[in-house]
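What follows is a short report on a single structure.
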Amino acid sequence: MEANAQQLAFGQQVLEAQPFSVLLGARLTAFGDGAAVLELDVRDELRQQNGFVHGGVLSYAADNALTFAAGAAVGPAVLTAGFTIDYLRPARGEVLRARAQVVRPGRSRVVCRCDLLMVDAEGEETLCAVAQGTIAVAAERPPDR
């Protein structure tokens, strides 16, 4: 359990170093063993004209959760190579939860999937989108001279 707490603390530091994630108020609630959970409280600024959470917000959450899951499996030198997202129903609720896990870790690419869930005031989850991504394992850069 101690190791998981340390992994989560490390993941939270990485998230806090992302200005866009800080702007959105994202938080990492689970990180380790090839999985990650990213959450975001829904507020009016994140909705589109019909009152649903904007698809771009769901895409951000999927992208970041997929990459964090890959990083939890192969280390922090990872970058999104690409992902697809399918919107299943309008995103309504209090909290957006992106739950990602590694499907296959490779040496140069990691394939991950992510469920995007809306959580209502009673804590009930509703699946609103799914995503799959390929995360590139970045080559170590030589130190600057």
Verdict with supporting geometry, Asn64 and Leu15, side chain to side chain contact (heavy atoms under 4.5 Å, CB included): CA-CA 9 Å; Asn64 229 10; Leu15 186 68; 3.6 Å; yes

Contact summary for Ser21 and Tyr60, nearest pair of heavy atoms: OG-OH, 2.6 Å

Side chain to side chain contact (heavy atoms under 4.5 Å, CB included) evaluation trace for Val137 with Arg107: CA-CA 7 Å; Val137 179; Arg107 286 179 293 175; over 6 Å; no

Full working for side chain to side chain contact (heavy atoms under 4.5 Å, CB included) between Thr126 and Asp120: CA-CA 8 Å; Thr126 301; Asp120 66 18; 5.9 Å; no

Closest non-hydrogen atom pair, Ala121 against Glu94: N-CG, 3.5 Å

pair Leu46-Leu24: side-chain heavy atoms closer than 4.5 Å: yes

Arg99 side chain reached by Val37 side chain, heavy atoms, under 4.5 Å: yes

Full working for side chain to side chain contact (heavy atoms under 4.5 Å, CB included) between Arg92 and Met118: CA-CA 6 Å; Arg92 299 182 184 126; Met118 291 304 301; 5.7 Å; no

Nearest-0.5 Å distance that lies between atom CD in Glu125 and atom CG in Leu116: 11.5 Å

Crowding at CZ, Phe10 (>12 non-hydrogen neighbours, <6.0 Å): no

OG1-CZ distance between Thr67 and Phe83, expressed to the nearest 0.5 angstrom: 8.5 Å

4.5 Å side-chain heavy-atom contact, Arg43 and Asp41: no

Spacing of CZ belonging to Arg113 relative to CG belonging to Leu66, to within rounding of 0.5 Å: 11.0 Å

Ala26 versus Leu40, closest heavy-atom pair with distance: N-CD1, 3.8 Å

Flag if over 12 foreign heavy atoms under 6.0 Å of CZ, Arg47: yes

Arg104 atom CZ, neighbour heavy-atom count above 12 within 6.0 Å: no

Distance in Å, Ile85 CD1 paired with Cys114 SG, rounded so as to fall on 0.5 Å steps: 7.5 Å

Hydrophobic cluster identity match, Val102 and Val111, side-chain contacts under 4.5 Å: no

Verify same cluster id: Phe52, Val57 (apolar side-chain graph, 4.5 Å): no

Donor-acceptor under 3.5 Å (Gln48 side chain, Asn50 main chain): yes

Joint hydrophobic cluster, Val42 plus Leu117, side-chain heavy atoms closer than 4.5 Å: no

Closest non-hydrogen atom pair between Ala61 and Leu96, with its separation: CB-CD2, 3.8 Å

Donor-acceptor contact present, side-chain Gln12 to main-chain Leu28, <3.5 Å: yes

Atom of Asp33, atom of Gln7 and distance for their closest heavy-atom approach: N-OE1, 4.2 Å

Verify same cluster id: Leu8, Val74 (apolar side-chain graph, 4.5 Å): yes

Separation between NE2 of His54 and CD of Gln49, rounded to the nearest 0.5 Å: 7.5 Å

same_hphob_cluster(Leu127, Val119) at 4.5 Å side-chain heavy-atom cutoff: no

Beyond-backbone contact of Phe68 with Cys112, side-chain heavy atoms, under 4.5 angstrom: no

Distance in Å, Asp115 CG paired with Cys128 SG, rounded so as to fall on 0.5 Å steps: 9.5 Å

